[in-house]
S.K.: 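A single structure is presented below for examination.
Predicted model, so just to flag it, every value in this text is computed and none were measured. All values below come from the heavy atoms of this structure, side chains included, with hydrogens, waters and symmetry mates left out.
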Amino acid sequence: MAEGTATRGTTNPNRLRRMDRWIADLHGPALRRAPGPPLAVDLGYGAAPWTAVELWHRLARVRPGTRVAGVEIDPERVAAAAGYRRPGLDFVRGGFELPLPGGERPLLIRAANVLRQYPEHEVNGAWARLCARLAPGGLLVEGTCDEVGRRHVWVALGPEGPRTVTFAARLAGLGAPSELAERLPKALIHRNVPGEPVHAFLRDFDRAWAAAAPYGPLGARQRWVRAVASLSGGWPLADGPRRWRQGEVTVRWPALAPRQAPRPRP
């Protein structure tokens, strides 16, 4: 039986390009080391299969032969994707149990804009269920983005649990880093309140952004890089200028983890 509930299924072409580029860079070495054609899962791809098709193409540039399985709980969405099947690209009905042929464990699971539609107290259980399905050295990337892929926040998890949180944006038109708060994944979005680490991080990021305003005439990219560099003195960043120039910053999970366990809401 498929585990989970059908979400709204909203999707757009190229919506997950920022997340995919980050995955290709960070997880590319693991994909290339895989002894056989590695398997990736696009969990909850939505009403149209574009994101799964794009993930397949993007990972193939990193490791030719990479296979992608789009997993959806709604049987009508799986049927609608049938015309996109190719060797190495398939679509199956399922949920968090990941009903893959032969019980194969994927080297990558991407779940974008899925858990955002679940109650907060269900997130840890879903994370644990998905992480238990990863192959050794595997990666789960779970997060949220806007409708056209300009603002993202995602959590990267290994079989042992959460590792990092990445904030990514199209810098042109960004008024302040705290605008990314509306795209925090479910594990963090209700924690953007005083006393919680993610709130303190976004506060400090806004201050660093304001202090970097003199770099604005050189472009939003230079301002972002300068602001992120100043954050590195007080926050454990997991990346460097090469990724910052892409409009990203990655923070180690323990620094942003919620202080208290989530409670069911009435």
Side-chain angles (χ1 to χ4, degrees), residues 1-24 27 31 37-63 65-101 104-118 122-123 126-127 129-131 133-135 138-157 166 168 183 185-186:
M1 181 177 178
E3 296 181 10
T5 57
T7 57
R8 289 189 296 272
T10 305
T11 188
N12 278 304
N14 222 22
R15 186 182 187 186
L16 301 181
R17 61 193 180 279
R18 299 179 193 280
M19 185 183 288
D20 288 352
R21 286 198 299 257
W22 184 88
I23 289 170
H27 205 46
L31 294 170
L39 175 65
V41 167
D42 185 13
L43 177 63
Y45 56 82
W50 296 311
T51 61
V53 174
E54 290 166 354
L55 181 65
W56 181 55
H57 284 296
R58 287 165 181 156
L59 294 184
R61 298 187 195 113
V62 176
R63 167 66 190 269
T66 298
R67 297 166 294 142
V68 169
V71 176
E72 249 296 340
I73 201 166
D74 185 336
E76 293 184 1
R77 296 174 186 173
V78 177
Y84 291 84
R85 286 191 171 101
R86 302 286 186 276
L89 176 63
D90 198 9
F91 300 91
V92 298
R93 180 172 183 258
F96 298 127
E97 80 287 357
L98 298 187
L100 302 173
E104 185 177 2
R105 294 178 180 272
L107 197 57
L108 170 71
I109 303 170
R110 186 189 64 187
N113 305 301
V114 175
L115 291 179
R116 178 69 179 270
Q117 301 177 53
Y118 281 72
E122 294 185 14
V123 170
W127 278 357
R129 187 82 170 100
L130 292 172
C131 286
R133 295 288 287 117
L134 287 170
L139 187 73
L140 165 64
V141 180
E142 186 274 311
T144 304
C145 69
D146 66 5
E147 288 73 12
V148 293
R150 293 182 177 179
R151 297 177 183 179
H152 291 244
V153 187
W154 61 79
V155 181
L157 306 94
T166 298
R183 298 301 164 184
K186 195 66 177 191

S.K.: Determine yes or no for a side-chain-to-main-chain donor-acceptor pair under 3.5 angstrom, with Arg15 supplying the side chain and Asp146 the backbone.
M.R.: yes
S.K.: Ignoring hydrogens and geometry, is there a side-chain-to-backbone donor-acceptor pair from Arg18 to Arg151 under 3.5 Å?
M.R.: no
S.K.: Report the C-alpha separation of Trp154 and Leu140 in whole Å, then their side-chain angles, then the decisive distance to 0.1 Å, and conclude whether the side-chain contact (heavy atoms from CB on, under 4.5 Å) test is met.
M.R.: CA-CA 10 Å; Trp154 61 79; Leu140 165 64; over 6 Å; no
S.K.: Would you say the side chain of Arg17 lies within less than 4.5 Å of the side chain of Arg58, judging by non-hydrogen atoms?
M.R.: yes
S.K.: How close do Leu31 and Arg63 get, heavy atom to heavy atom, and via which atoms?
M.R.: O-NH1, 2.7 Å
S.K.: More than 12 heavy atoms of other residues, nucleotides or ligands under 6.0 Å from CZ of Arg150: is that the case?
M.R.: no
S.K.: What's the verdict on side-chain contact (heavy atoms from CB on, under 4.5 Å) for Leu157 and Ile109, showing C-alpha distance, side-chain angles and the deciding distance?
M.R.: CA-CA 10 Å; Leu157 306 94; Ile109 303 170; over 6 Å; no
S.K.: How far apart are the closest heavy atoms of Pro37 and Arg67, and which atoms are they?
M.R.: O-NH2, 2.8 Å
S.K.: For the side chain to side chain contact (heavy atoms under 4.5 Å, CB included) test, which of Asp42, Val68, Leu89 pairs with Val53?
M.R.: Leu89
S.K.: How long is the span from the OG1 atom in Thr51 to the CG atom in Asp20, to the nearest 0.5 Å?
M.R.: 8.0 Å
S.K.: Under a 4.5 Å cut-off applied to non-hydrogen side-chain atoms, are His27 and Val62 in contact?
M.R.: no
S.K.: Identify the heavy atoms of Leu98 and Pro106 that sit nearest to each other, and give their distance.
M.R.: CD1-CG, 4.3 Å
S.K.: Is there side-chain contact between Val141 and Trp22, with heavy atoms separated by less than 4.5 Å?
M.R.: yes
S.K.: Arg93 versus Pro99: any side-chain heavy-atom pair under 4.5 Å?
M.R.: no
S.K.: Can you name the nearest heavy-atom pair linking Pro185 to Gly143, along with the distance?
M.R.: CB-CA, 4.1 Å
S.K.: If we only count heavy atoms from C-beta on, is the His152 to Arg183 side-chain gap below 4.5 Å?
M.R.: no
S.K.: Main chain of Val155, side chain of Glu142: is a donor-acceptor contact present, judged purely on distance under 3.5 Å?
M.R.: no
S.K.: Out of curiosity, Leu100 CG to Arg105 CZ, how far, rounded to the nearest 0.5 Å?
M.R.: 10.5 Å
S.K.: Can you tell me if Arg110 uses its side chain to pair, donor with acceptor, with the backbone of Leu16 under 3.5 Å?
M.R.: no
S.K.: Does a sphere of radius 6.0 Å around CD in Glu104 hold more than 12 heavy atoms from other residues, nucleotides or ligands, not counting ones at 6.0 Å or beyond?
M.R.: yes
S.K.: I need the minimum non-hydrogen distance between Ala52 and Gly70, along with the two atoms involved.
M.R.: CB-CA, 4.4 Å
S.K.: Whether the side chain of Asn113 engages the backbone of Cys145 through a donor-acceptor N/O pair (distance < 3.5 Å, no angle test) should be reported.
M.R.: yes
S.K.: Do the non-hydrogen side-chain atoms of Leu115 and Phe96 ever get within less than 4.5 Å of each other?
M.R.: yes
S.K.: I'd like to check Tyr45 versus Val78 (side-chain heavy atoms, cut-off strictly below 4.5 Å). Are they in contact?
M.R.: yes
S.K.: Which residue pairs pass the side chain to side chain donor-acceptor pair (under 3.5 Å) test with at least one member in residues 78-89, sequence neighbours excluded?
M.R.: Arg85-Asp90
S.K.: Between Thr66 and Leu108, is any pair of side-chain heavy atoms under 4.5 Å apart?
M.R.: no
